[in-house]
Amino acid sequence: MPIAIVTARATDGIRAPAVTIETHLANGLPAFQIVGLPEAAVRESRDRVRAAIQTAGFEFPRRRITVNLAPADLPKEGGRFDLGIALGILAASEQVPQSALDAREFLGELSLDGHIRPVGGALPAGLAAGEAGHQLVLNPDDGREAALSGRADIVTARHLGEVCTALNGGPALPAAEPPAACPPAYPDLADVRGQHRARRALEIAAAGGHHLLMVGPPGSGKSMLAARMPGLLPPMDDAEALETAAIHSLRGTRHLHEDWRSRPFRQPHHTASGVALVGGGGTPRPGEISLAHNGVLFLDELTEFDRRVLDVLREPLETGVIHISRAAHQAEFPAHFQLVGAMNPCPQGFDCDLGNACQCTPEQRGRHRKRLSAPLLDRIDLAIDVPRIPPAELGRDTPDPDAEDSTTVARRVAAARRLQLERQGCLNRMLEGRALQQHARLPEEERALLDAAAERFRLSARAYHRILRVARSLADLAGAPTIGRAQLTEALSFRALDHWRVE
């Protein structure tokens with residue numbers, strides 16, 4: 001038959017849209033052309049496919065070959081279409097039956113000797129193939145990842161010859177087996193010495209999904225505290241785990257076979273660019289904020305980041321999604337993450353402390369603090385001072401009796417989150433408009449106290465509402481139906497950075 005049709009999958013954000021590979025053989029001088037908006041790596045597949053077909057023992061037709069990748073307006077990249085193109089040529093030249101290609105999808109890059117190599121984005125492709133009711137054929141490594149979806153018929157092959165043998169009625173390809181689920185392992189909060197107020201802030205942040213900023217001298221335990229945040233969050237359900245794993249599949253930055261159910265903890269260096277944080281590239285790829293989806297984004301040495309880089313976080317912190325637009329392509333990635341930032345109180349260095357030992361001038365402190373814009377600070381719910389740990393606490397031989405482990409704190413966090421979901425269907429951080437007025441209503445005396453604090457510290461409307469959300473989380477941790485004075489005053493105490501505006 002002169003025309004063959006094979007189905008593959010491209011990448012578009014975290015989606016995997018279907019790509020129809022149409023192969024046509026015509027008389028004339030031998031030629032091989034690929035159309036349909038292919039990038040350079042796709043055009044180079046002509047040489048890989050020709051060599052793979054020949055070394056696998058099949059005849060490469062000496063005719064005019066035209067391969068169309070449809071839809072034509074969807075950019076195609078990488079070597080993921082090699083296997084489909086090769087099978088299309090073999091089907092068009094009647095070396096494999098077209099009927100065997102129906103209801104199947106193929107992904108894989110071909111080596112020159114016909115071996116099938118893994119490609120990125122196997123999990124989104126597996127999810128999409130399952131929705132379409134198709135069987136998906138790919139490399140065994142990709143097969144284990146795609147099998148996590150549990151929604152598709154996933155089979156694997158290591159060589160082009162194996163696929164052709166199965167299509168011609170030979171032994172069926174083996175089914176892919178998903179990896180065994182490993183329980184997440186997180187650092188324990190009980191390892192932290194002292195810092196009871198910071199531990200309390202972590203619990204509140206985890207309970208309501210709030211963003212947190214820790215300010216303290218070097219060595220006070222800020223990074224250690226931040227690393228314990230994922231262990232305080234409830235386990236991800238299947239939908240969250242699959243969505244998170246699909247994002248990491250696009251970047252290949254996470255070993256999905258081992259820890260795909262663990263909440264992400266991303267810690268980019270302070271030299272990271274804005275594109276590294278939010279994503280981008282000629283064909284948009286997810287950045288650190290999307291890789292931290294359903295987990296924690298920890299920015300250590302926050303004031304060392306370029307201010308313009310930090311300001312790109314402002315919209316995702318509010319919306320939980322990032323839209324990336326390029327001249328030829330647009331993509332949308334989820335970015336529901338919790339921001340945990342850490343910074344020194346001033347630029348002096350290791351001898352710096354929160355007391356009189358600091359030798360920085362007011363001008364130096366002012367420049368240091370101005371590296372964080374007011375709109376960014378407004379989007380941070382909790383800001384606390386983390387003092388230096390006393391030597392007596394560090395040298396203690398016995399465990400701190402007041403230091404709870406992560407399991408104990410996580411139980412309280414889970415109970416508070418259940419209250420929020422039953423009451424309003426979302427975490428307190430997401431409360432807005434009428435829902436915020438309804439579920440975070442204050443008695444008259446408490447409202448007068450909050451109004452006075454807003455006037456004193458010149459709080460913006462955003463900061464005002466964030467105090468209400470934090471107070472609502474404190475009430476949920478206490479099991480209180482309404483916000484009391486104790487919860488409101490504690491919420492106000494976690495706005496440690498608001499005094500910067502009035503110095």
Side-chain angles (χ1 to χ4, degrees), residues 1-10 16-26 32-36 38 42 45-46 48-50 52-54 56-61 63-72 74 76 78-110 114-119 121-122 125-140 142-143 146 151-176:
M1 61 181 300
I3 296 181
I5 297 176
V6 182
T7 303
R9 293 278 167 182
V19 172
T20 302
I21 303 175
E22 302 170 337
T23 305
H24 177 258
L25 301 185
F32 189 176
Q33 184 178 11
I34 298 177
V35 298
V42 180
S45 66
R46 295 175 297 185
R48 293 193 298 270
V49 167
R50 179 186 290 107
I53 289 177
Q54 293 173 340
F58 296 94
E59 179 183 355
F60 188 83
R63 302 176 65 182
R64 185 176 184 84
I65 304 171
T66 302
V67 175
N68 179 41
L69 306 178
L74 178 68
K76 323 298 189 306
R80 59 194 305 108
F81 306 106
D82 288 4
L83 179 59
I85 292 173
L87 293 174
I89 292 173
L90 294 175
S93 58
E94 299 183 347
Q95 298 181 70
V96 297
Q98 170 65 53
S99 59
L101 302 178
D102 298 334
R104 285 189 172 97
E105 299 178 6
F106 303 87
L107 279 183
E109 178 182 332
L110 291 176
H115 280 88
I116 301 172
R117 290 174 172 157
V119 295
L127 293 169
E131 293 176 359
H134 292 170
Q135 183 183 76
L136 180 61
V137 182
L138 31 62
N139 173 276
D142 281 344
R151 306 177 189 175
D153 179 12
I154 310 294
V155 296
T156 64
R158 297 187 179 277
H159 195 275
L160 175 62
E162 296 178 29
V163 179
C164 295
T165 299
L167 296 177
N168 283 318
L173 295 174

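All values reported here derive from a predicted model rather than from experimental measurement.
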Asp142 side chain to Leu138 main-chain N or O, any donor-acceptor pair under 3.5 Å? no
Check whether any side-chain heavy atom of Leu87 lies under 4.5 Å from a side-chain heavy atom of Cys164, and answer yes or no. yes
Is the CZ atom of Arg50 crowded by more than 12 outside heavy atoms at less than 6.0 Å? yes
Under 3.5 Å, side chain of Gln135 to main-chain N/O of Ala103, donor-acceptor pair present? no
For Thr20 and Glu22, run side-chain contact (heavy atoms from CB on, under 4.5 Å): C-alpha distance rounded to whole Å, both residues' side-chain angles, the deciding distance at 0.1 Å, then the answer. CA-CA 6 Å; Thr20 302; Glu22 302 170 337; 3.9 Å; yes
Just verifying a value: how many Å separate Ile89 CD1 and Arg46 CZ, rounded to the nearest 0.5 Å? 11.0 Å
Which pair of non-hydrogen atoms, one from Ala128 and one from Ala16, has the smallest distance, and what is that distance? CB-O, 3.6 Å
Within-4.5 Å side-chain heavy-atom neighbours: Thr7 and Val19: no
Is the His159 ring parallel, tilted or perpendicular to the His115 ring (thresholds 30°, 60°)? perpendicular
Flag, side chain of Gln95 to backbone of Glu59, donor-acceptor distance under 3.5 Å: yes
Should Phe106 and Leu101 count as side-chain neighbours, where that means a heavy-atom distance under 4.5 Å? yes
So, using side-chain contact (heavy atoms from CB on, under 4.5 Å) as the criterion, who are the partners of Arg117 when residues are at least two apart? Glu109, Ser111
Identify the two heavy atoms, one from Pro71 and one from Lys76, that lie closest to each other, and give their separation to 0.1 Å. O-NZ, 2.6 Å
Side chain to side chain, Leu136 and Asp153, heavy atoms closer than 4.5 Å: no
For Ala8, give me all partners under side-chain contact (heavy atoms from CB on, under 4.5 Å), at least two apart in sequence or on another chain. Ile21, Phe81, Leu107
